[in-house]
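Have a look at the structure below before the remarks.
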Amino acid sequence: MSGSDSLPATPSAMPWIGMPCAALESCMATEGLSPTHARTLFRLLHRELDPRPQDSPAALPPLRRWLATRPWVQEPVISVASEVASSDGLTRKFLLRLADGQTVETVLMGFTGRHTACVSTQAGCAMGCVFCATGQMGFVRNLTSAEIVAQVHHVQAALRASGQGELRNLVLMGMGEPLNNYDTVMTALEILCDRRGVNLGPSRITISTVGVVPGIRRMARERCPYPLAVSLHGSTDEERSALIPAGRRWPLAELLEACRKYTVATGHRIFVEWTLIDGCNDSAEHAVRLGALLQGIPSHVNLIPLNPTDAFKGAATGSSAAQAFQRVLREAGIPSTLRQRRGIDVAAGCGQLRAERIAA
Ligand code: SAH
Ligand code: SF4
């Protein structure tokens, strides 16, 4: 939260679920409510996911009275525009409408009892990666912390409603570049890790970046507790920049040095994302160069066969070539995982998220 100590008077600006508990406490204190009331409200909003906290028996009379004068507290930050389930039965994609009519996509993936939410941090993205549907649509705006938290609440509620337990894992791999919306993302994650609320473990939250070097350096400086995934996709600056324009701004040498410092400062390894594109970045020579780049940096490579998008012609690498790529990495001492393809039929795979604007 910024330093403001009073709650905004208009519903549209009301950041209820976008406020960490301590900020809610100090704001409500200025209106004469004790920290206990603020904590009760925080718990009702974030743990119980109660859409009408003013009616809850857990809210004592002063809190109820206070909430009664704020009827907009029940107005949801997001509403569901549509939901599709993948034919594999393991992926659900939600198209969520924001108060200004923008929409973002949130994905729930269920792998053998382990559920992961994949949330968006921006509507659109300014980075323009050629193979990514979000990059192809361009930048619309940053999401607020309330809008990021609300996506997780939505997934949590969907899991509970289908009797599948609680959410444990979160990846910031939906629409947008998280490190271009740094402060807001960190506020949202602080709220989501609060034990009185959703109570996610910081080590189960992965932030994925296209390679925004100042953001990675800041994560290292702040000893950020969240695992970091960095999208490389190319083993030379030329090759990488052809796919990711940001590669021109932050060359590989600078990016990998920032990654190395992050591993030293935080004690975490780095996850490297590598989208496998047939005949483009999937040869044994590419794997040898990638292995050489990662020497001395504790890392794990996630190989993602390209998912189809409208404006990019490339095709996914086949499974035998992908396994050969993995073998070369293994010989170089670099562990890797070949990602399973999920949700492709409903365009919920990595890089396929592209929301349409829906009139409010
Ligand atoms: N902006 C961040 C996080 C969102 S993208 C980033 O770029 O890292 C999440 C991951 O999906 C990134 O590794 C990205 O490179 C990858 N991706 C994008 N488009 C893809 C596609 N069409 N097929 C496979 N992976 C893709
Ligand atoms: Fe943005 Fe990531 Fe897509 Fe690149 S891959 S356009 S950074 S969302």
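Numbering of ligands and ligand atoms starts at 1, following listing order.
Contacts with ligand 1 closer than 4.0 Å are made by no heavy atom of M175, backbone or side chain. Within the 4.0 Å heavy-atom criterion, both parts of E177, backbone and side chain, lie near ligand 1. Of the heavy atoms in T275, only side-chain atoms (C-beta onward) come closer than 4.0 Å to ligand 1.
Atom 3 (Fe) of ligand 2 does not have C129 among its coordinating residues (no N/O/S atom, backbone or side chain, under 2.8 Å).
Close approach of ligand 1 to T209 is summarised as follows: ligand atoms under 4.0 Å from at least one heavy atom of the residue are 6 (C), 8 (O). Short contacts between ligand 2 and G135, defined as distances under 4.0 Å to a heavy atom of the residue, involve ligand atoms 6 (S). Close contacts of ligand 2 with M127, meaning ligand atoms under 4.0 Å from a residue heavy atom, involve 7 (S). For ligand 1, the atoms sitting less than 4.0 Å from at least one non-hydrogen atom of C132 are 18 (C), 19 (N), numbered in the order shown with element in parentheses. Under a 4.0 Å criterion applied to the non-hydrogen atoms of G176, ligand 1 contributes the atoms 1 (N), 2 (C), 3 (C), 4 (C). The ligand atoms of ligand 2 that sit less than 4.0 angstrom from a heavy atom of C125 are 1 (Fe), 6 (S), 7 (S), 8 (S). The contact set between ligand 1 and M173, taken as ligand atoms under 4.0 Å from a residue heavy atom, comprises 4 (C), 9 (C). The contact set between ligand 1 and V210, taken as ligand atoms under 4.0 Å from a residue heavy atom, comprises 6 (C), 7 (O), 8 (O). Distances below 4.0 Å separate heavy atoms of E273 from the following atoms of ligand 1: 13 (O).
Taking the six-membered ring for Trp, F94 and H154 have ring centres closer than 6.0 Å.
In this structure, the side chain of T36 does not engage the main chain of S34 through any donor-acceptor pair within 3.5 Å. Within the 3.5 Å criterion, the main-chain N or O of V149 finds no donor-acceptor partner in the side chain of H46. Checking side-chain atoms of T134 against main-chain N and O of M175 turns up no donor-acceptor pair under 3.5 Å. Here the side chain of Q122 pairs no donor or acceptor atom with the backbone of L143 at under 3.5 angstrom.
Closest heavy-atom approach to atom 3 (C) of ligand 1 among the candidates S208, P308, C118, G211: S208.
Surrounding CZ of R160 are more than 12 heavy atoms belonging to other residues, nucleotides or ligands, all under 6.0 Å away. Residue R141 places its CZ atom among more than 12 non-hydrogen atoms of other residues, nucleotides or ligands, all under 6.0 Å distant.
Residue contacts with ligand 1 do not include A229, since none of its heavy atoms lies under 4.0 Å from the ligand.
Note that the CD atom of E239 and the SG atom of C280 stand 7.0 Å from one another [nearest 0.5 Å]. Between the CZ atom of R330 and the CD atom of Q323 there is a distance of 9.0 Å, given to the nearest 0.5 Å. R240 CZ to C129 SG: the interatomic distance, rounded to the nearest 0.5 Å, is 8.5 Å.
Distance from atom 3 (Fe) of ligand 2 to its nearest protein heavy atom, with residue and atom name: C132 SG, 2.4 Å. The closest protein non-hydrogen atom to atom 2 (Fe) of ligand 2 is G176 O, 4.4 Å.
The distance criterion of under 3.5 Å between nitrogen or oxygen atoms is not met by G174 with respect to ligand 1.
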- Item | Residue pair S231, E273: steps toward the side chain to side chain donor-acceptor pair (under 3.5 Å) verdict | CA-CA 4 Å; S231 302; E273 309 282 296; 5.5 Å; no
